[in-house]
Every structure is written in C-alpha cells, then in structure tokens.
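Here is the structure we will look at, set down as structure tokens.
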Amino acid sequence: MAHNIETQRQQLITSLRNGGVNDERVLSVIATTPREIFIDEAQRSMAYADCALPIAMGQTISQPLMVALMTQALQLSGEEKVLEIGTGSGYQTAILARLSAHVTSVERHQQLAFLAAKHLMQLGITNVSLYVGDGSLGWPDAAPYDRVLVTAAAPEVPKQLVDQLVTWGMLVIPVGSHTRQDLLVVHRAPWGPEIRSLGGCVFVPLVGEKGWSE
Ligand code: SAH
C-alpha cells in the first residue's frame, strides 16, 4: 500500500509538470505532503487523482493542479506572511505553510476550520493561525500581508484584500461568475493594482459581504 501511494504521488507530480508546474519547491512540497489525510475515508483512494473532491459542508478540496498553479503564482521564498481565504480541508494551507514564514487562514464554516486545524496539527505544522469568519473582507488584524490567496470564486476583486497587501504584494483570486472564473494575479504596485489572468478555472463561491450572497 505504501509503495502504491508513493507511485500515485509520483504520477501526480508528472501530471502537474505536464500541466505547466515547473517550480521545483512547489512540486517537492506537494510530493511530500499527504493529501489523503485531508480527505474523507470514503474518498481516500482518489487522493492522488488530479481532481477536486467533496469535503464536508458541500465544499471541495481543490484540484492538485490548481493548488500547484496558484502556489507557483505566489512566488514564495519562505519569508512571506500569507493570508489565505477559504481554508476548506486545510490542504492548500499546509502547502503554503511549508513554503512561507506564516499563514493566516480564514474559513466561514467552523466545522471545516476545526477539522483543518486537527489535520495541520497531525502534520506538525505550527506556523498557521486559523480563524472563522467572512474572509471576503480579508483579515485586517494581522495585515499587511506579502501574499493573499483566495480559494473561492469572487464576483470582483475585493478592494479590502488589495488594501491589506504590502506595496508590491500579490493577490491570487478566481474572479467571474458563479460557474466560471478567471484566475487573476493582482500586484499592488505603488501607482495602483496591476492585474493579469492565468486562465479559466472553476471554484466554489466566496460567500460574504464582498462575495456572493448565500
Ligand atoms: N483550499 C481549500 C479550498 C476549499 S473550497 C481546499 O483545497 O481544501 C473554498 C472554501 O472557501 C470553502 O471551504 C468555503 O467554505 C470557504 N469560503 C467561502 N466563502 C468564504 C468567506 N467569505 N470567508 C472564508 N471562507 C469562505
């Protein structure tokens, strides 16, 4: 079984490379972070398939390729203070925590935040602060951040999130309709936000004051 999991992980890494992920630090952290512990028992055989999977509260653990592309876009060196909106299973949080100095992560469902905390502890990850609340407004208490990652789809870029970045900080966020979005990279330049798209994506909705209503 252990051999089987190792083979599946290596196959996943190959498919991430084919999908355009070339940051070796990101690939190495994905290769050594057990995704199966963030997934319900019934879904575990699918842990290394490159697809999103259902978690509690009608939410999903993001597709590994999306996790890898978003993390790669953040260009983490290990020194950064990161804000993540949408903790979900905590898998993306674990990847960020292993590539940065500290992660503040906000989830609107208490039950998911509780489970994510348990799984992060299981992996011995301690550089994460988890909060329950509406992350569409960011998390001003710990601002400014070097990077912000939103893992749920917003109707537009929330100004509050850009305001909580340092100058030259970077926000990665899916923006679009309920059913289809563009993955945007927003740089907070001194003269204002600069935005580019990494392409199409599909995320569950960001629900909150600067997101969608329930
Ligand atoms: N990165 C997570 C993705 C989970 S799906 C993973 O791979 O497991 C997106 C998550 O965003 C869901 O758990 C959802 O409950 C959460 N979410 C949606 N709107 C939110 C908001 N306004 N504030 C905080 N979390 C939110």
Side-chain angles (χ1 to χ4, degrees), residues 12 16 26 29-30 33-40 43-44 46-74 82-100 103-120 122-123 125 128-142 145 147-161 164 171-176 178-179 181 183 201-214:
L12 175 62
L16 297 183
V26 172
V29 164
I30 289 180
T33 302
R35 188 168 183 254
E36 65 274 18
I37 74 161
F38 296 91
I39 292 172
D40 290 346
Q43 307 276 344
R44 282 210 181 143
M46 296 287 286
Y48 292 96
D50 189 20
C51 58
L53 293 169
I55 56 173
M57 310 302 296
Q59 304 302 317
T60 54
I61 177 170
S62 306
Q63 178 193 3
L65 179 60
M66 210 28 87
V67 171
L69 289 172
M70 291 191 298
T71 310
Q72 175 168 272
L74 289 173
V82 180
L83 172 65
E84 178 192 36
I85 307 302
T87 317
S89 67
Y91 174 68
Q92 170 81 71
T93 321
I95 304 291
L96 294 174
R98 293 185 62 194
L99 288 164
S100 67
V103 182
T104 299
S105 187
V106 185
E107 169 57 52
R108 64 185 283 267
H109 291 297
Q110 185 165 10
Q111 185 187 334
L112 291 178
F114 182 80
L115 274 175
K118 187 176 136 192
H119 294 144
L120 291 167
Q122 227 173 304
L123 288 185
I125 291 174
V128 173
S129 307
L130 291 182
Y131 298 99
V132 176
D134 178 8
S136 73
L137 300 168
W139 200 258
D141 289 2
Y145 305 96
R147 303 287 188 267
V148 177
L149 174 62
V150 182
T151 69
E156 56 190 38
V157 178
K159 183 179 177 302
Q160 282 81 351
L161 296 184
Q164 287 170 38
L171 160 68
V172 173
I173 180 170
V175 173
H178 242 89
T179 50
Q181 305 91 34
L183 189 61
C201 57
V202 179
F203 279 82
V204 297
L206 181 75
V207 176
E209 205 172 313
K210 297 291 162 190
W212 302 94
S213 49
E214 215 153 344

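Because the structure is a prediction, the values reported are computed rather than measured. Along the sequence shown, residues are numbered consecutively beginning with 1. Every number for a ligand or one of its atoms is a count from 1 in the order of the listing.
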Assess [X] for proximity to ligand 1: is some non-hydrogen atom of it under 4.0 Å away?
X	result
Val67	no
Pro205	yes
Ser136	yes

Where ligand 1 meets [X] - atom numbers and elements under 4.0 angstrom, heavy-atom basis:
X	result
Gly133	23 (N), 24 (C)
Gln92	1 (N)
Thr87	2 (C), 8 (O)
Gly88	4 (C), 8 (O), 13 (O)
Val106	24 (C), 25 (N)
Asp134	21 (C), 22 (N), 23 (N)
Ile61	6 (C), 7 (O), 8 (O)

Would you call [X] and [Y] a side-chain contact if the rule is heavy atoms closer than 4.5 Å?
X	Y	result
Trp212	Ser136	no
Val148	Val82	no
Val132	Arg108	no
Arg35	Leu53	yes
Ile173	Pro158	yes

Met70/Thr151 under side chain to side chain contact (heavy atoms under 4.5 Å, CB included): CA gap, chis, key distance, verdict: CA-CA 9 Å; Met70 291 191 298; Thr151 69; 4.3 Å; yes
Just distances here: any N/O of [X] and N/O of ligand 1 closer than 3.5 Å?
X	answer
Gly135	yes
Glu107	yes
Val204	no

Using a heavy-atom cut-off of under 4.0 Å, does the side chain or the backbone of Arg108 touch ligand 1, or both, or neither? both
So for Leu112 against ligand 1, with non-hydrogen atoms under 4.0 Å, the contacting part is side chain
So which protein heavy atom does [atom] come closest to, and at what separation?
atom	answer
atom 8 (O) of ligand 1	Ser89 OG, 2.6 Å
atom 4 (C) of ligand 1	Thr60 O, 3.0 Å
atom 19 (N) of ligand 1	Val207 N, 2.9 Å
atom 12 (C) of ligand 1	Gln59 OE1, 3.3 Å
atom 11 (O) of ligand 1	Gly86 CA, 3.2 Å
atom 1 (N) of ligand 1	Thr151 OG1, 3.4 Å
atom 7 (O) of ligand 1	Ser62 N, 2.9 Å

Residues two or more places apart in sequence or in another chain: which of them pass salt bridge (Lys or Arg N to Asp or Glu O under 4.0 Å) with Arg98? none
For Tyr131 and Trp139, take the angle between the two ring planes, folded into 0 to 90°, and tell me which bin it lands in: parallel under 30, tilted 30 to 60, perpendicular over 60. parallel
Do Gln92 side-chain atoms and Thr87 backbone N/O form a donor-acceptor pair below 3.5 Å? no
Any donor-acceptor pair under 3.5 Å from Gln59 side chain to Met57 backbone: yes
Can you tell me which residue among Asp50, Thr71, Leu183 is in a side-chain contact (heavy atoms from CB on, under 4.5 Å) with Met66? Leu183
Counting neighbours of CD on Gln110 that are heavy atoms of other residues, nucleotides or ligands and sit closer than 6.0 Å, is the number greater than 12? no
